[in-house]
Amino acid sequence: MGQLFESVIMAMKAILQNKTRAFLTMLGIIIGILSVSLMGTAISGIDEVFENSIQGMGQDVLYIQKYPWFMMNDEWWEYRNRPDIEEEYAEQILERASTIAFATPSSGRRSDVKYGKNAVERVEINGTTWQEAYISALKLESGRFFSEPESRYGTRVAVIGYDIKTNLFPDEDPLGKEIIIQGNKFRIIGVIAQQGKFLGLMSMDNIVTIPLKSLQNIFGGRWGVSVSVKPKEGVTVEQAKEELMFIMRGLRGLKPREENDFSINQQEAFREQFASIRMAISAVGLGITVLSLIVGGIGIMNIMFVSVRERTKEIGIRKALGAKKNIILFQFLSEAVIISLIGGTIGILITVGLVGLLQKFFVARLSIDLIIISLSVSVITGVLSGIVPANMAARLNPIEAIRYE
Amino acid sequence: MALLELKQVTKVYQVGAVAVHALRGIDLMVEKNEYVSVMGPSGSGKSTLMNVIGCLDTPTSGTYILDGKTVHDDRIEQSSNGKLSDDELAFVRNQKIGFVFQTFNLLPRITALHNVELPLIYAGIHKKDRIEMAKEALRKVNLEDRMHHQPNELSGGQRQRVAIARALVNNPSIILADEPTGNLDSKTSREIMQLMDHLHDEGNTIILVTHETDIAKHAHRVVHFLDGLIASDELTPKGKG
Ligand SMILES: Nc1ncnc2c1ncn2[C@@H]1O[C@H](COP(=O)(O)OP(=O)(O)OP(=O)(O)O)[C@@H](O)[C@H]1O
Ligand SMILES: [Mg+2]
């Protein structure tokens with residue numbers, strides 16, 4: 001035990017004697033650990049935001065829309081000729097379906113939103129009905145969603161997202177205040193709880209929701225909508241989707257052989273798309289990590305060979321005085337591991353700093369697991385790159401080593 | 001049985017195309033508690049012999065038996081269990097043999113005390129006892145007041161005394177000293193030789209290389225080397241008496 005401790009002390013002294021060299025050697029490991037921990041942080045950030053946003057969409061909600069959510073570039077031209085989705089479909093679906101609990105049309109326009117001197121430009125104004133509150137599992141921070149009569153009459157009321165609140169009402173309670181949309185006053189009745197954002201990926205934080213009828217009034221006219229549908233309790237999304245398909249084909253008057261001229265979208269598609277983004281980030285991050293760890297590992301191996309050569313005489317003396325093979329092995333192995341562990345720690349510290357900065361822009365958190373993984377990876381790299389030089393040192397013949405100049 | 005026994009030991013160094021025959025077939029037996037001095041001209045193979053005896057170097061051919069254990073034998077395979085393993089050799093070097101190098105071989109950048117502690121570290125001795133033992137060994141060579149100096153802050157003679165203290169610190173039963181008084185003034189030489197005599201009186205076996213007849217006289221037996229061979233092997237007046 002005492003011998004191992006001594007070996008670690010000697011290893012540290014050896015590193016301290018060559019600080020610059022050790023630091024340069026660490027660079028590869030620093031970059032490797034930096035990339036592995038940043039990648040991990042990014043992925044867990046994206047995961048968190050994705051789960052938040054997708055919760056806002058409601059787990060089992062189906063969206064009847066003109067376009068599918070994900071399509072090839074050239075497919076757009078085919079879908080463009082489809083007829084618009086009519087607002088009335090929502091009620092007609094509710095009348096005919098046995099598996100559907102709620103259905104609401106919604107549509108969006110962009111507009112500047114003002115309150116007093118404050119303004120937010122080009123905000124997504126989402127028009128929908130009271131049923132939206134039951135379809136999306138939206139959490140309200142304060143206030144309420146609009147009621148059935150408010151939807152029906154197109155009352156000028158609004159539910160705002162978290163960012164809208166902080167921008168327009170930095171130090172006021174927005175409830176009951178009136179904001180200006182397209183020159184019209186809207187009274188705020190509710191604020192949606194913060195969802196977080198990641199590189200502007202779908203978030204309700206920057207949206208103002210108003211009754212669809214009010215949206216049509218202030219922008220003038222009607223246009224195609226999207227119909228959100230929520231299945232009844234105990235009905236699977238697939239069952240609901242099948243019935244919806246049947247009803248929609250009826251509403252569109254399609255013959256059995258004709259293709260659908262509408263799309264039924266669901267969250268699943270987002271998940272798939274998201275999974276592929278996530279994969280891409282992981283692959284790139286992993287590539288950089290592995291590459292820099294290999295470069296860093298080779299660097300350490302090289303410096304360990306140099307270190308063994310420089311201290312050949314010392315090794316010879318130690319062996320002459322009774323140091324066993326394994327003790328010498330351990331001494332040089334710990335030197336390699338210490339170098340790479342310091343590199344890994346520096347990498348993590350830089351990540352901590354960067355994550356602190358990045359938190360201003362998106363959800364980013366460095367997990368304990370990730371720190372443990374990063375440090376283990378550094379230790380393993382150190383062992384792998386130190387084992388060959390350390391073994392070479394351990395096998396030296398004492399007198400030849402002592403003679404070495 | 002002899003404490004150590006060499007039979008037809010040779011050592012050949014290959015330097016480029018030239019083969020240097022440092023030992024040409026040495027037969028030597030040393031009993032427990034013998035006091036042997038080795039003399040001979042420079043380059044005659046004295047240090048090479050000490051290295052082989054000290055288990056620091058392996059002979060090119062021949063047999064070396066130490067304390068009944070085979071250290072080297074041409075006829076026995078490397079892996080055979082009749083022969084000492086690497087770790088067993090490390091143990092022998094650490095526990096049984098105290099080696100004083102002709103060139104001291106102290107570790108630079110660490111203190112004299114720490115240098116003397118090294119064999120104790122590899123013997124697994126606890127830090128507190130270790131420091132006490134190391135100080136005691138330095139006291140024996142009159143160097144207690146320099147124990148916190150590094151080798152480059154010591155004179156040649158002082159370094160030699162640190163090397164001697166390091167060889168003695170583990171209380172080895174065999175002391176191999178390659179010109180232990182080569183760098184010392186006559187007064188210190190006398191003190192070191194008194195120490196050697198004392199160690200011999202305590203039952204230890206001593207083999208020392210020297211160029212000085214006065215020093216060699218302390219031993220009971222003198223072995224003369226010439227060109228890698230033993231030219232003579234005889235008892236001193238002390239040995240006879
Ligand atoms: N590592 C080596 N490589 C090549 N030749 C060597 C090596 N070590 C020793 N020799 C040669 O072996 C011979 C014996 O050397 P050794 O050191 O044993 O002499 P020595 O009797 O101790 O001499 P000195 O009294 O000068 O110390 C010398 O000729 C020397 O040049
Ligand atoms: Mg010599």
Side-chain angles (χ1 to χ4, degrees), chain A residues 1-22 306-335 338 387 390-405, chain B residues 11 13 15 22 47-59 85-110 114-131 151 163 166-167 169-170 172 176 178:
Chain A
M1 215 30 233
Q3 290 189 54
L4 296 186
F5 181 71
E6 276 288 325
S7 301
V8 173
I9 301 267
M10 290 179 226
M12 292 210 270
K13 277 188 182 155
I15 294 169
L16 286 177
Q17 272 163 22
N18 282 298
K19 285 191 212 70
T20 322
R21 187 170 87 184
V306 172
S307 181
V308 169
R309 205 161 305 132
E310 281 177 351
R311 279 148 67 202
T312 300
K313 188 173 174 124
E314 175 189 331
I315 297 165
I317 295 172
R318 289 182 187 279
K319 291 196 85 166
L321 298 177
K324 295 201 165 115
K325 247 186 185 171
N326 285 345
I327 286 294
I328 302 288
L329 187 85
F330 184 82
Q331 181 183 340
F332 284 89
L333 215 48
S334 35
E335 189 175 326
I338 290 170
I387 194 85
N391 203 32
M392 186 176 94
R395 283 166 179 277
L396 285 171
N397 165 310
I399 207 73
E400 280 171 25
I402 286 177
R403 285 243 179 74
Y404 186 91
E405 293 295 339
Chain B
K11 180 75 193 180
Y13 292 107
V15 185
S47 294
T48 308
L49 174 79
M50 295 295 263
N51 292 339
V52 169
I53 293 176
C55 301
L56 297 172
D57 208 354
T58 42
S85 71
D86 269 10
D87 278 358
E88 284 167 328
L89 285 176
F91 179 82
V92 169
R93 291 195 286 261
N94 185 253
Q95 300 283 318
K96 292 197 180 166
I97 296 170
F99 202 107
V100 182
F101 293 93
Q102 188 171 7
T103 50
F104 323 142
N105 288 331
L106 301 177
L107 287 192
R109 289 189 296 272
I110 62 173
H114 197 162
N115 260 294
V116 178
E117 266 184 76
L118 286 172
L120 302 172
I121 290 175
Y122 297 123
I125 290 171
H126 215 272
K127 177 139 192 161
K128 244 174 70 189
D129 304 335
R130 211 160 72 199
I131 291 178
R166 185 178 67 183
V169 71
N170 239 356
L176 304 175
D178 200 346

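Please read all numbers here as calculations on a predicted model, not as lab measurements. A note on names: the letters A, B, ... follow the listed sequences, proteins ahead of strands, and every chain is numbered from 1.
- With contacts defined as side-chain heavy-atom distances shorter than 4.5 Å, the pair B/Leu56/A/Lys319 does not qualify.
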Original post:
Going through the distances and angles, do B/Arg130 and A/Glu6 end up as a salt bridge (charged side-chain N to carboxylate O under 4.0 Å, His left out)?
Top reply: CA-CA 13 Å; B/Arg130 211 160 72 199; A/Glu6 276 288 325; 3.2 Å; yes
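- If you measure heavy-atom distances from A/Arg395 to chain B, you find no contacts under 4.5 Å at all.
- For the atom pair CD1 of A/Ile399 and CG of B/Asn105, the computed distance is 7.0 Å after rounding to the nearest 0.5 Å.
- Heavy-atom minimum distance, B/Ala90 versus A/Ala323: CB-O, 3.9 Å.
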Original post:
Should A/Ile317 and B/Arg166 be marked as a side-chain contact (heavy atoms from CB on, under 4.5 Å) after you check the CA-CA gap, both sets of side-chain angles, and the distance that decides it?
Top reply: CA-CA 12 Å; A/Ile317 295 172; B/Arg166 185 178 67 183; 3.8 Å; yes
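- Taking all atoms of both residues into account, the shortest heavy-atom contact from A/Ala320 to B/Phe101 is CB-CZ, 3.8 Å.
- Ranked by heavy-atom pairs under 4.5 Å with chain A, the first of B/Gln95, B/Lys127, B/Arg93 is B/Arg93.
- With contacts defined as side-chain heavy-atom distances shorter than 4.5 Å, the pair B/Arg109/A/Lys13 does not qualify.
- Neither the backbone nor the side chain of B/Ile125 comes within less than 4.5 Å of any heavy atom in chain A.
- Contact annotation for A/Arg403: only side-chain heavy atoms (C-beta onward) come within less than 4.5 Å of a heavy atom of chain B.
- Around atom CZ of A/Arg21, more than 12 heavy atoms belonging to other residues, nucleotides or ligands sit under 6.0 Å away.
- Atom CE of A/Met10 sits about 5.0 Å away from atom CD1 of B/Ile121, to the nearest 0.5 Å.
- With a threshold of 4.5 angstrom between heavy atoms, B/Asn51 approaches chain A through side-chain atoms but not through N, CA, C or O.
- Counting heavy-atom pairs closer than 4.5 Å to chain B, the top residue among A/Lys313, A/Glu400, A/Arg318 is A/Arg318.
- For the residue pair A/Lys324 and B/Asp87, the shortest heavy atom distance occurs at CE-O, 3.4 Å.
- In this structure, the portion of B/Tyr13 lying under 4.5 Å from any heavy atom of chain A is its side chain and not its backbone.
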